[in-house]
Amino acid sequence: EVPQGSVKGFVRLAKDGSPVAGADVTLSVSSVFGQSLMTTSGVDGSFSFPAVSAGTFTVTATSGSVVGTAVVTTPPAVFTSIVVSPAYVPLAPGGGRSFTASGRDQFGSAIAIPGTVTWSATGGTITSSGAYTAGSTPGLYTGAVRASYGSIQGTANVRVVDPNNL
């Protein structure tokens, strides 16, 4: 899986910073001749190239006989956090629920967790695959379900509901 990001910007006149609408904008891969993407700047001069991989690119904007270029580098996506789902679940004592862990990069986008997560729990027990079984003591267990990979962790909350209040 190739980490994906985006290249976004604005085409503006150097003399006064006013936006240039309708400029032809090309994104070229600096290391690969002939590989490029094209778009047109919006009314406010904005442009966007979504879903580009990490690397170094040349952005060229052309409006009539005026041409401007810039070299941009998009950083690689880096695994930075874990999201545990569901984030909250109420359970009767002894009740069960399976949880999942998914990775996020520094931009909040989905990314593969680079290895196996370790599950741990309070207020109940959990298997190595994320299957949680609530204990017998009612209460709210904040961070009851924890998925960890190295120093990165994500949590979910569990409320064990008093069976007399169901």
- side chain to side chain donor-acceptor pair (under 3.5 Å) against T127, all qualifying residues, sequence neighbours excluded: S129
- Message: Looking at every non-hydrogen atom in both residues, tell me the closest pair between F79 and P114 and how far apart they are.
- Response: CD2-CD, 3.5 Å
- Message: So, applying side-chain contact (heavy atoms from CB on, under 4.5 Å) with R12, which one of S41, P19, S18 is it?
- Response: P19
- Note on the structure: CH2 (W119) and CD1 (I126) are apart, to the nearest 0.5 Å, by 5.5 Å
- Query: Do you know the tightest heavy-atom contact between P90 and V161?
  - Reply: CB-CG2, 4.1 Å
- Task: Decide yes or no for F10 and D44: does some side-chain heavy atom of the first lie under 4.5 Å from some side-chain heavy atom of the second?
- Result: yes
- Rounded to the nearest 0.5 Å, how far does CZ of F57 lie from CG of L27? 5.5 Å
- Message: So L91 and V158, do their side chains get closer than 4.5 Å, heavy atoms only?
- Response: yes
- Item | hydrophobic_cluster_shared for I152 and V83, side chain cutoff 4.5 Å | no
- So, for T56 and T73, which heavy atoms are closest and what is the spacing to 0.1 Å? OG1-OG1, 3.2 Å
- Side-chain touch F49/V72, heavy atoms, less than 4.5 angstrom: no
Tell me which donor-acceptor pairs under 3.5 Å the side chains of residues 134-149 have, and how far apart each pair is, sequence neighbours excluded?
from: Y141; atom 1: OH; to: T137; atom 2: O; distance (Å): 2.9
from: R146; atom 1: NH1; to: Q153; atom 2: OE1; distance (Å): 3.4

- Side-chain touch T40/V25, heavy atoms, less than 4.5 angstrom: no
- May I ask whether L13 and V11 are part of the same hydrophobic cluster, defined by side-chain heavy atoms of I, L, V, M, F, W, Y residues being less than 4.5 angstrom apart, directly or through others? yes
- Item | Flag side-chain contact, heavy atom, 4.5 Å: Y88 against R159 | yes
- Verify, without hydrogens or angle tests, whether Q106 (side chain) and S81 (backbone) share a donor-acceptor contact under 3.5 angstrom. no
- Say whether T26 and S36, considering side chains only, have a donor N or O and an acceptor N or O under 3.5 Å apart. no
- Is there a side-chain contact between V52 and V7 (heavy atoms, below 4.5 Å)? yes
- Message: Please determine whether side-chain hydrogen bond (donor to acceptor under 3.5 Å, both in side chains) holds for the pair S28 and T58, giving the CA-CA distance in whole Å, both sets of side-chain angles, and the decisive distance to 0.1 Å.
- Response: CA-CA 5 Å; S28 304; T58 300; over 6 Å; no
- Query: If you take all heavy atoms of R104 and S102, which pair is closest and at what distance?
  - Reply: NH1-OG, 3.5 Å
- Ignoring hydrogens and geometry, is there a side-chain-to-backbone donor-acceptor pair from T74 to G55 under 3.5 Å? yes
- Are T69 and V59 close enough that some pair of their side-chain heavy atoms sits under 4.5 Å apart? no
- Task: Would you mind reporting whether P86 and F99 have side-chain heavy atoms less than 4.5 Å apart?
- Result: yes
